[in-house]
Structure formats: structure tokens, C-alpha cells
There are 2 protein chains.
Amino acid sequence: MSAIAAALGVSAATVSNALSGKGRVSPELIEKVRAKASELGYVPSLTARALRTGRTGVLGLVLPDIANPLFPQIAQAIENAASNAGYGVLIADSRGDIAAQTEAIGRLLERGVDGMVIVPRRGTRIADVGCPVAVIDTPSTPGNTVSADHWDGGSQMGRHLAELGHRKVLLIGTSASSNVQNDRIGGLKAGLGAQAECDTMWIEKIEAVSGEGCPLGLADKARAGFTAFAAVSDLSALRALTELQRAGIGVPETVSVTGFDDLIWSAVVTPALTTVRMDMATIADLAIAALIRAIEPEGEAENGAEEISTGNVTSETDRVPMQLIVRQSTGAPQAGRTPNLHAPTSNKPTAGELKS
Amino acid sequence: MSAIAAALGVSAATVSNALSGKGRVSPELIEKVRAKASELGYVPSLTARALRTGRTGVLGLVLPDIANPLFPQIAQAIENAASNAGYGVLIADSRGDIAAQTEAIGRLLERGVDGMVIVPRRGTRIADVGCPVAVIDTPSTPGNTVSADHWDGGSQMGRHLAELGHRKVLLIGTSASSNVQNDRIGGLKAGLGAQAECDTMWIEKIEAVSGEGCPLGLADKARAGFTAFAAVSDLSALRALTELQRAGIGVPETVSVTGFDDLIWSAVVTPALTTVRMDMATIADLAIAALIRAIEPEGEAENGAEEISTGNVTSETDRVPMQLIVRQSTGAPQAGRTPNLHAPTSNKPTAGELKS
DNA sequence: ATGCTCTGATTAAACGTTTAAGCACGCATA
DNA sequence: TATGCGTGCTTAAACGTTTAATCAGAGCAT
């Protein structure tokens, strides 16, 4: 920067003003400065700027478990939204326990992030950490900034199954302590309506006694009259699908299977999974926008309240709708069905058709 | 920091020396400074330090496509290795095209990263970008810093199938232009041995004519005598598994299916996938170590070559072995088999047993 | 001619560290 | 007693910006 100043015979401050458009600089000088800057290949030192202004232009992203298959979607959406807004994204994995989560947040703070996006660990409440925080959890969780409307997604899926004629469905969740999963299950029940008979199976409980990766006994459930298996995650849906297929039970002609989240594999398995997708791009945009509103000085703030808020930020809309994607894994239940018979059909999966 | 200095009646420089252990400070004063620092809750400003030293303590992580299901493993391992070494990780998604990759690298440079880890897009060669770069690609690619030994992994899997008695196997890849996939296929062929008959199917080619998510016609292949389907990715393996199951072909009693990478679902599908896993933790450690060696000044560098190298860094070991994980999806081929018959068995998946 | 305001620039301080250079002192050596 | 040296600390500059305060000159009204 001083090189530019020297080359043009002006002071460094003037160059700064010219480039930022802040002070009073003549238009022609601004042009000359711009030209010289690109000629010399000037790139401002964000470090120095950060030191002076106290803002680093970096946001933190805290995730409960990077190994989560949903992570790519989240990270990609957040990174994109942040970089569009001119911010960088520093990642932190809270690997399991809550202590690690706190520690990860601490590391981000030391690095001077201007704000952070937190996808909290189940049951964690984020204390005031000293910078603006956007929380992506569940609309029903206090402190939530913005998230997918999981209940709505469940209800869409429930209605889809009810319309197909399913009256006895097994709801499959992983952990009963997950807000997200409980909301989805609540929505499913509501969508299925009062006349439907629902049972809920929690995989964690079964695995606690039978070991990880154990069979879920779904074939027995099918024989017991369940015609649909609605999992609240595509991973569980996949598990259900393969277990049923393996037992010779046809999907979707004998039983239907549905998932959640539209994970990478749901479109390519046979039969392709009917699922419901969250609009992470919109969620990320809202979260980042809310964060930035808290970080950057209000344009017309005439009062002295220039203080940067330091708690959870809020967004005008705290829930964004989910999108039902009907593929091949759902169909009408048979009238007088014989669940044990395998009935291969000409199944021709195509790219999923979007509904709603 | 100046607060500590004032409280103890010494200069700020002395405090700095005391905390960093660099200059000459009496032991007792060091103790007092330490005590006062923690009493006042002092946290150093990494921004200021960065400005002064020219090093930010941040590494960039550039990924070809964050949506890749392998990404969580990579990101988690890199984040962990970096944060153990005291570095932060800034992510950048090169979303598809090469232009975006270049642009992402540029953004990281502006932010002043000390170095970056790049998992390059297929066929990209990373030009000198102005900071140390660790490339995670394939041992056979020039410029590679460290990566899994994909060829070795393929060969382990090939030997496993050969030992089971498979002589006619279909190799399934996604894209023929991927170095990684070609290495894996090369290894598979070598491991299967000369007496095995191999065909290679590239999914991208098939989808180019039949559309995304189209059936791969694997049932026909099974009828044509293929007894094993070795995919070079768990995603393709899953696709193969469900397509075969759906067609009523039993896995593993009629045909075997294998994958690569031990992705999240491979242990929970039925039958659980036999696959081969890369040791990302070790790879990440080596990559970060190589990077840091290039970044931080050599201890005993007596010559004037204090310049920070600016190209691709190298590691003493450029390939780390993969690990075969035998689960339920592989078995011996039947002697006189009737591929069309579905043969449900008592399949009891348990946690995968590790081999090699 | 004197004072006032507006414009376009400059000066200087500040952000919080690190680090080379310098200084004062005590102690051993000549 | 002078010389030299190691020790423990201080001074001051530097990193590259931003920004409040200042200033010289021009135009204009008094």
C-alpha cells in the first residue's frame, strides 16, 4: 500500500481512503489509485486490517460430529453462503463429548472469529460465548436461530404414506434424545392421521442389547402387518431397505420404506429411496445473514448502542420447509398380501420426481 | 499484555519474552508473569502476532467437492491433525470446475494461510501457488505428497476374492479419468492374478447414455457367470448390492460384492459390506507434518536459506497402507450355481472383523 | 481585506504483538 | 583499577492497515 502511495506521490492514508471510498478523495485520484493498485498486484493484508478494525472476516463452524453423513451438505452450504458474504470459514469438530465442543469453541474464539455457526450436540444449550452465534437445531428448541422445519417434513411424508393407503407403519429413529428426530416423528404421526397405527423403534436401544449393526427384526414386523417403515434418517432407511430385501421382502410392492435428508446414496440404490430433503442453502443463507447483521455495524444506528451483541442471533424466519422427494421405495400396500413371498418386478429407477 | 506489564512494573517486551521463553528473563519473573497472565485471563491476540510474524497459524483445506461422501473422514482427520499442531483450518470448496478451485485457492491466500492441503480435482495439477502445499492424491501422481496406497488396497481385495475362489469378476468404477480409481483397479487385477477373468465397467459411461441412477444390468452379468462385483467405491458397491438383491440374487451366497473406503453405511447394511479402508488419520498426520516442516524455520539452519519453500511439500513416506475389512458381502462362489434362485439364509451381521 | 466554510489531502496515533539493539550492573579476570 | 563479559531488563521499531484530527488553499459572503 505504501508502494502505491509512493508511486503516486500521495500518502498511504489517501490510498486507503481511495480504495475504501470512505474519506474525501477526488474522483480522478481514486481512479489513479485503483489503476496503480491493480498494476502492482496489490492485495490488502487482511491480518493488518483485522488488527486495526478488530474484525477478522472469519466465521467459525462448529459441528457435533464431522463424520455425520449430513455434514457435507451443511459445510458446503455454510461455506458457500459465507464466502459469498466475504467471510472465511474455520471448522471445528466437537468430536463426541461436550467438553470437546466447549474446547472447540474456545479455539475458534482465540482465533478471533467474528461469529460462529453452531450445530449443537444433542441436548446441549450454547452459553453466551462472547461473540454472535447462530444455532442450527430445531424450531422447537429454545435458542434456535434457523433450521429445517423437521415437523413439517415428517408431516409431508406422513400424508404421502397415508394417501398411498398405509395404516400400520413402523417409525424408526436412532436416538430418543434427539430433538430433530422427535420433531420428525411428531410430524409423521400427525401426517399419518389418527386412523393410522404407529409404533416407534429406537435403534440405539436395540443396539444397546444386541450390539452395533445387529439385525432389527424388520421381517417379523412386516409379517406382523406393518406395511410401511418410515425412518427419520436415510441411513436407517438404507439399513431397513437392505435388511428387508435380504429377507426376500419386496420393496415397494410388499412394504414401503422412506427416509430423511436425501443423502448421497438415496437416489442410486435400488429401489431409489423416497425421502424428504432440507433446503440447506436457504438455511445457511439465513443463518449467515443473521450473523452478519449482528456483526456489522447497523447503517442508521444513531443511538450509542454500537455494541456488538454477543449471544444467539435470531432470524425473521426460524424454519424453512422441507421438500418431499417421491422415488421408488414407496407404493400402495397390497390388499391381501403374503409378505413372505418375494415378488421381483420390472423396477426401473429414474431420476427422482420432485413434489411439493 | 500491557496490563500484565503494568501490574508487575515491567515492560511489555519482557512479558512477551517471559511467555514465549525466548529472551533472557529470570526464572522467578517468568513465574510471576505466568501467574499474572492467568489471573487476568490473558489470551494473546493471534491477529497481532500474525501481523508481526507474518504467520497466521491457519492452514487451508481445499476439496474437490465437499458433497463427496469421503469428505467427512478427510476433513475430520485434517482438522484433528492441524489442531493438534496448533493450527486452524479454513475450508474451501472447489465445487466442480477448475476455475472454482483456482478461485478458492486465491481466497485462502488472501486470508494469509501458512500452507494448504489440497485434494485435487481429477486431472488437475496444482501450480505453485505461493505457499507450501500438501497434495493428497495418489502415489502414482506426480506432485503427490502423501496418500493411501490405493493399488495396495486393490491388491489386498483382489487376493481376498481370489482366495475365496472367484475367477470371473466385474470391476466397477465411476470415472475412467480418476487416478485413484485406476490405481485401485490395477491393484485388484494384480491381486486376482493372471488366471482370473476381469471386465471393467465405468458407471459414468453407462449413465451418459441411460441417464443418472439407471440400472447397471448386473443381474445379466451374474447370469453371464460373474461371481464377484468389485466396486472401487462403497457408493457403487451399495448400488450394486441393492440392484442385485432387488433382482433376487443372493449376496454373498450367489455373488460377492465389495467396496472401497469403509463409508458410514458399509457396516450397517445387510449384508454388511466387505471393503477396504484408508488410514486417514495417518495420512493427515503426515501431510500436516510435511506442511509444518516447510512452514516453520528449520532449527539448525545455519545457511541463509531461511526462505519458506513455496511449492509442493514432500513426505518421507508417500503412501500409507490400506486395511482390508472382511464383512458379510463376500463368500465362496457356488460350484454349480443357479443365479436366478433367491436363497435367503440366516444372515447375522456383526461388527466387522479386521484383517491385515 | 477579513472571516467562514467546503474540499482534498496529510499527519499521527493506534491495534497487540515480536525482536534487534542497547543499557546498567555485578562479577571475574588481568 | 581498568577491561571484558554475562545477565536481566528496557527501548524502540516494525508489521500494514484504519481513522480521527489537522491543515492548506479555494471560493464566497461579509
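Per chain, numbering begins at 1; letters A, B, ... match sequence-line order. Atom set for the values below is all heavy atoms of this structure, side chains included, hydrogens, waters and symmetry mates excluded. Fair warning: this is a prediction, and the values are worked out from it, not measured in the lab.
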* **From A:V117, A:L291, A:V313, residue fulfilling side-chain contact (heavy atoms from CB on, under 4.5 Å) relative to A:T145** => A:V313

* Minimum-distance nucleotide to B:L51 side chain [options: C:dT18, C:dT19, D:dG16] -> D:dG16

* CE-CG distance between B:M1 and B:L19, expressed to the nearest 0.5 angstrom -> 7.5 Å

* Starting at CD of B:E110 and ending at C1' of D:dT17, how long is that distance when rounded to a whole Å? -> 15 Å

* For A:G112, answer base if it contacts any base atom (sugar-phosphate contacts may also be present), sugar-phosphate if it contacts only those atoms, and nothing otherwise; contact means non-hydrogen atoms under 4.0 Å. => nothing

* In whole angstrom, give the distance that lies between atom CG of B:N17 and atom P of D:dT11. => 14 Å

* If you find the nucleotide of DNA chain D closest to A:A13 and the one closest to B:G9, which residue's nucleotide is nearer the 5' end? -> B:G9

* Phosphate OP1/OP2 of C:dT18: any B:K22 side-chain N/O under 4.0 Å -> no

* Asked: At under 4.0 Å between heavy atoms, what does B:S45 touch on the DNA or RNA strands: base, sugar-phosphate, or nothing?
  -> sugar-phosphate

* Any side-chain N or O of B:S16 under 4.0 Å from OP1/OP2 of C:dT18? -> yes

* Asked: How close or far is atom C1' of D:dT18 from atom CG of A:L46, stated in whole angstroms?
  -> 14 Å

* With the threshold set at 4.0 Å, does a side-chain nitrogen-carboxylate oxygen contact exist between A:R107 and B:E79? -> yes

* At under 4.0 Å between heavy atoms, what does B:V15 touch on the DNA or RNA strands: base, sugar-phosphate, or nothing? -> nothing

* Residue pair B:T141 / B:N179, side-chain donor-acceptor N/O under 3.5 Å -> yes

* **A:I30 CD1 to C:dT7 P, straight-line distance once rounded to whole Å** => 14 Å

* Interatomic distance where CZ belongs to A:R49 and P belongs to D:dT19 [whole Å] -> 10 Å

* Asked: Nearest to the side chain of A:T53, which nucleotide is it out of D:dT18, D:dC9, C:dG16?
  -> D:dT18

* Structure fact -> Considering only heavy side-chain atoms of B:P44, the closest of C:dT17, C:dT19, C:dA12 is C:dT17

* Short side-chain N/O contact from A:T14 to OP1 or OP2 of C:dT10, under 4.0 Å -> yes

* Structure fact -> Here the gap from A:R34 atom CZ to A:I4 atom CD1, rounded to the nearest 0.5 Å, amounts to 11.5 Å

* Nearest-nucleotide pick for B:R24, side chain only, options being D:dC15, D:dC9, C:dC15 -> D:dC9

* Quick one: label B:L29 by what it contacts on the DNA or RNA (base, sugar-phosphate, nothing), any heavy atom closer than 4.0 Å. => sugar-phosphate

* Asked: Does the side chain of A:S26 get closer than 4.0 angstrom to OP1 or OP2 of C:dA9 through an N or O atom?
  -> yes

* B:R52 side-chain proximity, nearest of C:dT10, C:dG16, D:dG16 -> C:dG16

